[in-house]
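Atom set for the values below is all heavy atoms of this structure, side chains included, hydrogens, waters and symmetry mates excluded.
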Amino acid sequence: LGILCSSMIIFYEDRNFMGRHYECMSDCADMHSYMSRCHSCRVESGCFMVYDRPNYMGNQYFFRRGEYGDYMSMMGWRDCIRSCRMIPMYRGSYRMRIYERENFGGQMHECMDDCDSFMDRYRMSDCMSCHVMDGHWLMYEHPHYRGRMMYMRPGEYRSFREMGYGGMRFMSMRRIMDSWY
């Protein structure tokens with residue numbers, strides 16, 4: 001059972017919520033059509049993934065309710081937010097299968113809760129594909145939920161390399177819980 005809540009993020013041209021702004025309540029594939037740059041944002045409600053490239057590509061970062069007056073230095077980004085995806089609130093079971101190789105090959109493990117280290121829990125040194133059956137998840141580059149991240153919603157992800165994450169290994173993951181809203 002998925003439940004959608006009212007979500008809103010406000011993007012500002014300059015740091016510390018200055019300059020022109022754009023209010024967004026859904027996915028936005030290209031921020032450039034609304035503003036030429038974005039250096040701060042405020043999440044009024046809900047959760048969002050933001051991306052440093054149009055069309056939900058490039059580096060991703062998870063934002064939940066709060067103020068991000070200088071997110072670029074906080075995240076070490078050189079580029080502004082170029083697109084964003086609203087993450088719907090979800091209440092229900094969580095289930096994901098992770099695979100050692102592309103196209104659902106190699107070791108497979110079914111996960112229903114957070115995992116702070118694929119290596120420690122599953123003796124799995126690489127995760128190159130997955131199938132999200134239930135829930136919304138964040139996968140992280142390093143153990144203990146650190147490093148670059150990727151938002152995973154229900155669906156099949158046959159090749160992280162073909163999705164543009166070829167040089168990245170995912171080593172931990174956590175559920176995006178309704179308590180985060």
Side-chain angles (χ1 to χ4, degrees), residues 1-11 23-29 40-52 56-71 74-77 81 83-100 104 107-124 126-158 160 163-165 168-181:
L1 175 68
I3 298 173
L4 198 65
C5 75
S6 173
S7 298
M8 183 165 72
I9 186 169
I10 305 169
F11 297 101
E23 295 181 6
C24 184
M25 296 174 74
S26 61
D27 296 354
C28 179
S40 60
C41 64
R42 178 180 286 127
V43 179
E44 296 288 336
S45 57
C47 295
F48 290 83
M49 281 311 285
V50 298
Y51 304 79
D52 68 355
Y56 320 111
M57 301 297 286
N59 292 308
Q60 305 182 26
Y61 203 81
F62 176 78
F63 283 161
R64 59 181 170 189
R65 188 180 173 130
E67 296 187 341
Y68 303 88
D70 188 10
Y71 71 84
M74 175 181 84
M75 299 183 298
W77 281 12
I81 294 171
S83 56
C84 77
R85 191 179 295 280
M86 190 266 299
I87 301 173
M89 183 184 281
Y90 175 80
R91 290 190 180 117
S93 62
Y94 287 78
R95 201 162 57 115
M96 177 196 294
R97 288 188 183 135
I98 58 173
Y99 297 85
E100 183 180 31
F104 313 125
Q107 282 187 66
M108 182 278 289
H109 297 281
E110 188 162 302
C111 310
M112 299 175 75
D113 61 353
D114 300 351
C115 177
D116 68 352
S117 173
F118 294 159
M119 189 63 175
D120 291 348
R121 185 182 291 182
Y122 303 118
R123 298 289 171 237
M124 197 167 142
D126 216 342
C127 174
M128 299 179 77
S129 60
C130 74
H131 179 191
V132 178
M133 282 82 79
D134 299 302
H136 297 259
W137 301 73
L138 291 175
M139 292 189 79
Y140 294 83
E141 178 180 28
H142 300 297
H144 309 290
Y145 320 118
R146 293 181 303 113
R148 292 180 293 173
M149 60 183 74
M150 180 168 59
Y151 167 52
M152 312 298 284
R153 56 189 182 174
E156 293 185 347
Y157 301 86
R158 293 185 168 278
F160 297 153
M163 292 170 60
Y165 297 96
M168 204 162 132
R169 298 168 96 179
F170 292 102
M171 301 305 294
S172 59
M173 66 184 182
R174 68 171 26 150
R175 298 160 296 163
I176 300 174
M177 305 292 289
D178 64 345
S179 60
W180 293 11
Y181 292 78

Distance, nearest 0.5 Å, that separates CE of M133 from SG of C111
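M133 CE to C111 SG: 9.0 Å, rounded to 0.5 Å.
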
C47 side, atom SG; Y90 side, atom OH - distance, nearest 0.5 Å
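If I round to the nearest 0.5 Å, the distance is 15.5 Å.
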
Beyond-backbone contact of [X] with [Y], side-chain heavy atoms, under 4.5 angstrom:
X	Y	value
M96	R175	no
C127	M173	no
V43	R64	no
R85	Y51	yes
F170	I98	no
F63	C84	no
F160	M168	no
H144	H142	no

Qualifying residue for side-chain contact (heavy atoms from CB on, under 4.5 Å) with C130, from M150, R97, M152:
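Of the listed residues M150, R97, M152, the side-chain contact (heavy atoms from CB on, under 4.5 Å) partner of C130 is M152.
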
Pair Y99 + F104: ring centers closer than 6.0 Å
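Under 6.0 Å, so yes.
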
Can you tell me if [X] uses its side chain to pair, donor with acceptor, with the backbone of [Y] under 3.5 Å?
X	Y	value
Y140	M171	no
Q60	Y151	yes
D134	S93	no
D116	P143	no
D126	E100	no
Y94	I176	yes

Can you name the closest pair of heavy atoms from C24 and F11 and give their distance?
CB-CE1, 3.9 Å

